[in-house]
Amino acid sequence: MTEQQVGIEVLLVEDDPGDVLMTREAFAEHKVANHLSVVSDGVSAMEFLRREGAYAEAPRPDLVLLDLNLPRMDGREVLALVKEDPVLKHIPVVVLTTSEAEEDVLRSYALHANAYVTKPVDFERFIDVVQQIDEFFVSVVRLPRH
């Protein structure tokens with residue numbers, strides 16, 4: 001078993017409890033070795049990523065799943081800060097959002113998102129999409145070591 005198959009650290013930045021629950025279920029059904037951390041706003045996301053305050057002992061994520069519409073600091077701001085930070089910019093960020101607006105897609109890629117995925121409203125499809133993201137970043141992509 002390779003290191004990538006052992007599991008990865010994933011940070012989910014999501015304020016919708018239902019989407020958090022569905023994402024947890026998708027990970028639980030698919031790759032039990034992965035560890036999913038969750039924060040519910042952009043300020044907490046940056047504190048987690050920078051290991052500040054309550055997150056001083058937080059694991060360094062191998063992947064960030066980022067909603068765009070967040071309280072306190074929106075996902076676009078988080079994405080810009082992550083990709084400007086020399087310590088964090090190598091972490092792949094997948095925008096996982098309900099927005100289908102072309103402007104959001106273009107802006108996310110301009111801010112160096114690694115992928116943009118629109119959340120399906122159907123529960124089974126949502127689970128499938130999260131599992132595909134997980135499978136891609138665990139089995140297909142080689143992630144940098146921290």
Side-chain angles (χ1 to χ4, degrees), residues 4-5 7-55 58-146:
Q4 291 301 310
Q5 292 170 323
I8 62 172
E9 291 286 338
V10 179
L11 174 62
L12 174 63
V13 186
E14 174 60 67
D15 64 322
D16 183 318
D19 288 351
V20 170
L21 180 61
M22 287 193 295
T23 304
R24 284 190 190 281
E25 288 182 17
F27 271 71
E29 288 179 20
H30 195 239
K31 292 275 189 248
V32 294
N34 289 351
H35 181 259
L36 183 67
S37 298
V38 180
V39 294
S40 61
D41 64 72
V43 171
S44 295
M46 292 312 302
E47 289 172 349
F48 187 102
L49 290 164
R50 291 177 174 153
R51 297 175 171 165
E52 297 173 343
Y55 302 106
R60 178 74 71 209
D62 297 299
L63 174 66
V64 175
L65 302 178
L66 178 66
D67 189 17
L68 289 182
N69 302 311
L70 298 167
R72 297 182 15 165
M73 178 190 298
D74 78 10
R76 295 156 198 85
E77 294 173 87
V78 172
L79 180 59
L81 290 170
V82 168
K83 294 304 180 177
E84 290 170 359
D85 187 310
V87 174
L88 304 175
K89 68 182 180 180
H90 71 278
I91 301 172
V93 177
V94 174
V95 173
L96 183 61
T97 186
T98 56
S99 175
E100 294 185 23
E102 187 67 15
E103 174 184 322
D104 284 335
V105 175
L106 291 171
R107 183 154 181 227
S108 294
Y109 282 118
L111 292 171
H112 305 289
N114 296 84
Y116 188 101
V117 179
T118 303
K119 292 179 196 170
V121 291
D122 172 74
F123 174 76
E124 292 301 321
R125 183 72 183 119
F126 182 92
I127 297 289
D128 186 49
V129 165
V130 171
Q131 288 177 344
Q132 287 179 37
I133 293 168
D134 180 46
E135 181 70 26
F136 181 72
F137 281 96
V138 171
S139 300
V140 178
V141 172
R142 179 166 180 209
L143 296 172
R145 292 187 164 166
H146 353 237

Heavy-atom donor-acceptor pair, Lys83 side chain to Lys89 backbone, under 3.5 Å:
yes

Beyond-backbone contact of Arg60 with Leu88, side-chain heavy atoms, under 4.5 angstrom:
yes

Any side-chain heavy-atom pair from Met73 and Leu81 closer than 4.5 angstrom?
yes

For Pro59 and Glu9 the tightest heavy-atom approach is CG-OE1, 3.3 Å

Contact between Glu47 and Val39 at the side-chain level, heavy atoms closer than 4.5 Å - yes or no?
no

As a test of understanding, state which of Val94, Leu49, Asn114 forms a side-chain contact (heavy atoms from CB on, under 4.5 Å) with Val64.
Leu49

Tell me the closest heavy-atom pair linking Leu111 and Ala80, and the distance in Å.
CD2-CB, 3.9 Å

Less than 4.5 Å apart, side chain to side chain, heavy atoms only: is that true for Glu14 and Thr23?
no

For Asn69 and Asp67, work out which heavy atoms get closest and say how close.
O-OD2, 3.3 Å

Of Leu70, Val78, Val93, which is the lone residue that meets side-chain contact (heavy atoms from CB on, under 4.5 Å) with Val13?
Leu70

Shortest non-hydrogen pair, Ala101 vs Tyr116, comes out as O-OH, 4.5 Å

Is the closest basic N to carboxylate O distance between Asp128 and Arg125 below 4.0 Å?
yes

Within a strict 4.5 Å, meaning less than it, do heavy atoms of the Ile127 and Glu25 side chains meet?
yes

Heavy-atom distance under 4.5 Å between the side chains of Leu79 and Arg107, does that happen here?
no

Minimum heavy-atom distance between Asp74 and Leu68, given as atom pair plus value
CB-O, 3.4 Å

Please examine the side chains of Met46 and Glu52, heavy atoms only from C-beta on, and report whether any two atoms are closer than 4.5 Å.
no

Under a 4.5 Å cut-off applied to non-hydrogen side-chain atoms, are Leu96 and Lys119 in contact?
yes

Can you name the nearest heavy-atom pair linking Leu11 to Phe48, along with the distance?
CD2-CD2, 3.7 Å

